[in-house]
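Inspection log for the structure reproduced underneath, given as structure tokens.
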Amino acid sequence: DDPRPKYYVLEMFPYPSGRIHMGHVRNYTMGDVVARFKRAMGHAVLHPMGWDAFGLPAENAAVDRKVHPRTWTYENIASMKKQLQSMGLSLDWAREIATCDPAYYKHQQKMFLDFLKAGLVERKQSKVNWDPVDHTVLANEQVIDGRGWRSGAEVEQRELTQWFFKISDYSEELLTALDTLDRWPDKVRLMQKNWIGRSEGLLVRFMLDPATTPNSETELEIFTTRPDTLFGAKFMAVAPDHPLAQAAAAKNPKLAAFIDEAKKIGTAQEAIDTAEKMGFDTGIKAVHPFDPNWKLPVYVANFILMEYGTGAIFGCPAHDQRDLDFVNKYGLGNTPVVCPPTQDPATFVITNVAYDGDGRMINSRFLDGMTIDEAKEEVAKRLERETRGNRPVAQRQVNYRLRDWGISRQRYWGCPIPVIHCEHCGTVPVPAKDLPVTLPDDVTFDRPGNPLDHHPTWKNVTCPHCSGPARRETDTMDTFVDSSWYFIRFTDPWNETAPTTPAVANRWMPVDQYIGGIEHAILHLLYSRFFTRAMHKTGHIDIDEPFAGLFTQGMVVHETYRTKSGEWVVPADVTIEGMGDARTARLTATGEPIEIGAIEKMSKSKKNTVDPDDIIAAYGADTARWFMLSDSPPDRDVIWTEEGVQGAWRFVQRLWRLAGEIAGVSGPVTRPTTFGPEALKVRKAAHRALANVSDDIGRLRFNRCVAHIYEFANALSDAIGEIETAPTPDMAWSLREAGDILVRLFHPMMPHLAEECWAALGHQTLVATEAWPQVEADLLVENTITLPVQINGRKRADVTVPRDAGKSEVEAAVLALDAVQKALEGKSPKKVIVVPQRIVNVVA
RNA sequence: GCGGACGUGGCGGAAUGGUAGACGCAACGGACUUAAAAUCCGUUGGGAGUAAUCCCGUCCGGGUUCGAGUCCCGGCGUCCGCACCA
């Protein structure tokens, strides 16, 4: 009932091996991809994250971490501009297609200021991974073994003032709304759920013995999801960068040294995996909340994260593996407080494996005998009631793993953050009339760091409030910001005065079907979900969820080849001999033997790419499209093989011949009133295929569409082959109907071939403008049905009955069968199960 | 460590609890051809049998069911995500 046409947003990200927008790509640049889209569709969208794929020679080297990125960032921009020009594309055109042009950024900056006003943006200190060579912040995935992925230098930990979007304010909302996204893959929803990482627990304020603390601190607040195990506590632990640890370290050089050591290991993932649990006893004593005489030692421990909870815990070794490892190392012992149902509380002990399963409380005073849930509730209730200094001792809290989205980047290439720092007025938004803040053209990349920061004049401005000297913010926005709302902007890209035209955006959004790679399961898709909510809050749109349907496509993958000396070789330069295990490869030009390596996602660095121009020259674009859709479901990877492409190519030829044969059939123009059995067979095959393909296209099951089209083409060939002289008029009409249907069925997958065939069949129109054919439902129903007959669950015979035969009729026909008679040996069956239209099972 | 997905011929893969292997690739045999390519016809999960037909078969072991690739329990293996998250 919804009159809106469906539209699709295809990513134009540089993940060119993605199956639906085919891509990569030897000597093939993002610019080419965009130009092709532009030619094919009249418009295209280039996402800024695509810029770095803009075909520059240094890129591969940079990926291999051999060349410093500064050397190519600069070339990148120049090269991009040059390429646009060489393609005959004006900068106006670039503006039309790019989300990173000033017009787009004007609106993004306006929205940033709206978000700021609405409290969705925060500027705060945060700990970052700092690349000392490039002078930039590294994301976690850019840190490898404690080194920057491009510089290879040791990563530094730094405190930096950064801009954040307060996505964590939406943790609960983003989590619960996942349930409404019923056209998203479960996998993606689960990944987001885990990423948000909700856990319910209790904040508990432990008293400290002031005599033992460095500055007479009296209290340590911890977060726990297991308050039930409070009577199993053996120690307290705080993160190395916890204030208490820092304070203690100031008075204890040994502790300071320990903290330094722990921080070094901090960043490297592999080190974390293997790092031993280490702790340092501060000498501080904490008091158990239920027993003033029970003192617990406070450790600084390397496995406590400052970022999660309060950066402090109480350790219950019997029921937490990390805590158990810790006490076993430092000889603190353990007391089990939850007894599994199968164990005797009197004898239950923990040695090396913590127990985190269900059970009843033991060794826990007033909690004894309760279930875990009852005990959690009881502890929470008691501690909530108790107060100290006007505040309750404990407080229930929901904690999330999701942290705020840091959008600050020290890069030239990005949307400037539109604020001004004034000594007198503080942080001042750039007035609307001054938007957009544009990037200077004359930047230099002659030294590490942010070129905007180095620019002699750009950052010097006057304060909009007091007109005194002030400084522009030189951080730029993460390009994920750009990609978080472009699909909304596209609903009205001509609006010069506002980011969206709400009425239009509300009509079009949400996107009906979003298609992209699984690599965006978390970041891009979560950011977009947040951003849409933020736009809702600031009045730019009235919806919360941007993508109603999501489909994650697979990749095109290919064998890899390398020489004995380890250099990667392009498939086009390799000749394959033999088959199966005996396959060998050699370099076509020199005969040098080549090692055949793993099948991997097409990438420039491993050179296992095929050039679309080569394929198109040899087989045509339709063949390539057909092959990519035919072999496996689109959410899985497809292995690009020469044999597979040739198979597709043969079918293309066959369809063309078939169209020619049908075009040669002359027959009546008007529909005959009756059809003979042969003609009816053709029509049934056509409408069966039509029904199947229609259904499978709607469900994106393209490989099954392909199979149905093969089946239909086979049936059609057979029917034509059986005609001895000339077809009867009813047959001729049916063949032509079938031909028309066939062409329209494969048109979405092979548009060029379809248009050729359509013309060959004598049509004056374009298939592209034709309506999808209508199924004649009558043709899908057979008058008689052949049912398989099972005896004791094994197929023994078939029975053919009228379509509308009743159960008793079918049963009688089955019992009359020879095979059934023989199996029953004169006895009557115990049971006969008739599943209408499906199967019959006789239980002897 | 936690979470998830998957496991079917030589290969990619079909199969709302109802004839396992659709469709394609590869292979083999045949027709056409001087020959090759292309095309067309046929065979192709394993085993027994002249044949009709029968037996075995969806990673392994159990279970539920008239009937299990599909559902349940327990293993093994592969892949993916998260990861010292209290």
Side-chain angles (χ1 to χ4, degrees), chain A residues 185-195 197-199 201-202 222-227 229 237 239 265-266 269 271-278 301-305 307-316 319-323 325-326 354 356 399-403 518-519 521-522 579-581 626-627 630-633 636-639 641-648 650-651 653-654 657 692 701 703-714 717 721 786-798 819 829-835 837-844:
Chain A
D186 291 342
K187 183 188 166 105
V188 174
R189 288 195 287 179
L190 188 71
M191 280 166 74
Q192 294 212 350
K193 185 180 167 214
N194 292 340
W195 189 260
R198 181 184 203 273
S199 61
L202 201 62
I222 61 102
F223 175 73
T224 179
T225 57
R226 293 296 301 272
T229 64
I265 305 172
Q269 194 57 56
I272 288 172
D273 292 345
T274 52
E276 219 177 318
K277 310 265 173 291
M278 289 197 299
N302 64 347
F303 62 96
I304 308 299
L305 303 173
E307 297 82 21
Y308 191 79
T310 61
I313 62 150
F314 81 86
C316 175
H319 305 289
D320 182 292
Q321 192 61 48
R322 284 162 315 178
D323 295 349
D325 294 346
F326 190 79
D356 61 1
N399 233 316
Y400 299 91
R401 187 183 162 281
L402 181 66
R403 293 198 261 142
I518 189 72
E519 66 274 8
I522 295 173
M579 21 211 352
D581 292 340
W626 183 256
F627 169 66
S630 67
D631 242 23
S632 60
R636 275 189 231 177
D637 290 345
V638 64
I639 302 171
T641 63
E642 192 67 17
E643 293 83 5
V645 183
Q646 276 173 12
R650 281 199 295 272
F651 189 61
Q653 303 299 313
R654 226 180 110 201
R657 285 197 304 272
N692 286 336
R701 294 160 61 151
N703 59 321
R704 280 170 43 112
C705 293
V706 165
H708 295 310
I709 291 170
Y710 267 110
E711 258 174 336
F712 177 28
N714 289 345
S717 297
T786 301
L787 295 173
V789 176
Q790 293 183 335
I791 295 166
N792 295 330
R794 290 176 166 277
K795 197 212 162 191
R796 283 294 126 99
D798 291 307
K830 281 188 192 140
K831 203 170 173 188
V832 178
I833 295 145
V834 178
V835 184
Q837 318 287 316
R838 277 285 177 196
I839 202 167
V840 183
N841 193 10
V842 180
V843 185

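Chain letters run A, B, ... following the sequence lines, proteins first and then strands; every chain starts at 1. Because the structure is a prediction, the values reported are computed rather than measured. Any value given below was found using the heavy atoms of this structure, including those in side chains, with hydrogens, waters and symmetry copies removed.
- Under the rule for a salt bridge (Lys or Arg N to Asp or Glu O under 4.0 Å), the partners of Arg198(A) that lie at least two apart in sequence or sit in another chain are Glu172(A), Glu200(A).
- For the OP1/OP2 pair of rC25(B) and a distance below 4.0 Å, the side-chain nitrogens and oxygens of Arg650(A) include at least one atom meeting the criterion.
- When distances are taken from the side chain of Thr224(A) to each of rA86(B), rC40(B), rC25(B), the shortest belongs to rA86(B).
- Nearest-nucleotide mapping onto RNA chain B: of Ile839(A) and Thr310(A), the residue sitting toward the 5' end is Ile839(A).
- Leu305(A) comes within 4.0 angstrom of a nucleotide base, judged by non-hydrogen atoms across all strands.
- In this structure a side-chain-to-backbone donor-acceptor pair under 3.5 Å is missing from Arg796(A) to Ile791(A).
- Side-chain proximity of Arg657(A) to rC40(B), rC55(B), rA86(B): nearest is rC40(B).
- For Arg226(A) and rC85(B), the shortest distance from a side-chain N or O to OP1 or OP2 is not below 4.0 Å.
- Counting any heavy atom pair closer than 4.0 Å across all strands shown, Arg198(A) reaches no nucleic acid atom.
- The side chain of Ser199(A) lies closest to rA86(B) when the candidates are rU19(B), rC23(B), rA86(B).
- For Tyr308(A), a side-chain nitrogen or oxygen approaches OP1 or OP2 of rA86(B) to under 4.0 Å.
- Pair assignment for rC79(B): rG4(B), on the basis of Watson-Crick or G-U wobble contacts that are both within less than 3.5 Å.
- Looking at Arg838(A), its side chain has no donor and acceptor atom pair within 3.5 Å of the base of rU19(B).
- For the pair Asp356(A) and Asn714(A), both in contact range of RNA chain B, the more 5′-proximal nearest nucleotide belongs to Asp356(A).
- Nucleotide rG12(B) forms a pair with rC23(B), judged by Watson-Crick or G-U wobble geometry with both contacts under 3.5 Å.
- The side-chain contact (heavy atoms from CB on, under 4.5 Å) check on Lys830(A) picks up Val843(A), with sequence neighbours excluded.
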Quick test: give all pairs of protein nitrogen or oxygen and nucleotides 65-70 of chain B nitrogen or oxygen below 3.5 Å, distance rounded to 0.1 Å.
from: rC66(B); atom 1: O2'; to: Asn841(A); atom 2: ND2; distance (Å): 3.2
from: rC66(B); atom 1: O2; to: Asn841(A); atom 2: ND2; distance (Å): 2.4

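- Considering only side-chain N and O atoms, Arg401(A) lies nowhere under 4.0 angstrom from the phosphate OP1 or OP2 of rG81(B).
- A gap of 24 Å separates the P atoms of rC54(B) and rC60(B), to the nearest Å.
- rA20(B) and rC73(B): their C1' atoms are spaced 24 Å apart (whole Å).
- Applying the 90° cutoff around 0 to the glycosidic angle, rG13(B) is assigned anti.
- Put simply, the side chain of Asn399(A) never gets that close to the backbone of Ser199(A): no donor and acceptor are under 3.5 Å apart.
- Each of rA86(B), rC84(B), rC54(B) was ranked by its minimum atom distance to the side chain of Asn302(A); first place goes to rC84(B).
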One character per nucleotide, please: for nucleotides 6-14 of chain B, 5' to 3', B when the base has a protein heavy atom closer than 4.0 Å, S when only the sugar-phosphate does, - otherwise.
------BSS
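- Base engagement by Ile304(A) is indicated by at least one non-hydrogen atom pair under 4.0 Å involving a base atom.
- Taking the P atom of each, rU43(B) and rA37(B) are spaced 22 Å apart, rounded to whole Å.
- Regarding Asp320(A), its CG atom lies at a distance of 13 Å from the P atom of rC84(B), rounded to whole Å.
- rG3(B) and rU19(B) are spaced 39 Å apart, taking the C1' atom of each and rounding to whole Å.
- Arg322(A) places its CZ atom 11 Å from the C1' atom of rC2(B), with the value rounded to the nearest Å.
- Every ring pair (Phe, Tyr, Trp, His ring centres under 6.0 Å) that Phe326(A) has, sequence neighbours left out, goes to Phe235(A), Tyr299(A), Phe303(A), Tyr330(A).
- Protein atom CG of Leu787(A) is 11 Å distant from nucleotide atom P of rU19(B), rounded to whole Å.
- Look at CG on Asn194(A): it is 13 Å from P on rG81(B), rounded to the nearest Å.
- Counted by atom type alone, Asn714(A) and Arg654(A) present one or more donor-acceptor pairs between their side chains at under 3.5 Å.
- The closest donor-acceptor contact from the side chain of Asp356(A) to the backbone of His319(A) lies at 3.5 Å or more, if one exists at all.
- The separation between Tyr710(A) atom OH and rC23(B) atom P is 12 Å, rounded to whole Å.
- Between the Thr225(A) side chain and the Leu202(A) main chain, no donor and acceptor come within less than 3.5 Å of each other.
- In this structure, Trp195(A) atom CH2 and rG81(B) atom P are separated by 12 Å, rounded to whole Å.
- Every residue two or more places apart in sequence or in another chain was checked for a salt bridge (Lys or Arg N to Asp or Glu O under 4.0 Å) with Asp325(A), and none qualifies.
- Here the separation of rG75(B) from rA51(B), taken at their C1' atoms, is 44 Å to the nearest Å.
- Comparing the P positions of rC79(B) and rC66(B) gives an interatomic distance of 40 Å, to the nearest angstrom.
- Annotation: ring pair (Phe, Tyr, Trp, His ring centres under 6.0 Å) contacts of Tyr308(A) (sequence neighbours excluded): none.
- Atom CG of Asn399(A) is separated from atom C1' of rC84(B) by 16 Å (rounded to the nearest Å).
- With both ends at atom P, the span from rC6(B) to rC56(B) equals 29 Å, rounded to whole Å.
- Spacing between atom CZ of Phe627(A) and atom P of rA26(B) amounts to 11 Å, rounded to whole angstrom units.
- Residues satisfying the side chain to side chain donor-acceptor pair (under 3.5 Å) test with Gln653(A), not counting sequence neighbours, are none.
- Nucleic acid contact class of Phe223(A) (heavy atoms, under 4.0 Å, all strands): base.
- With sequence neighbours excluded, the residues that form a side chain to side chain donor-acceptor pair (under 3.5 Å) with Asp320(A) are Arg322(A).
- Nucleotides rU34(B) and rU53(B) are separated by 42 Å at their P atoms, to the nearest Å.
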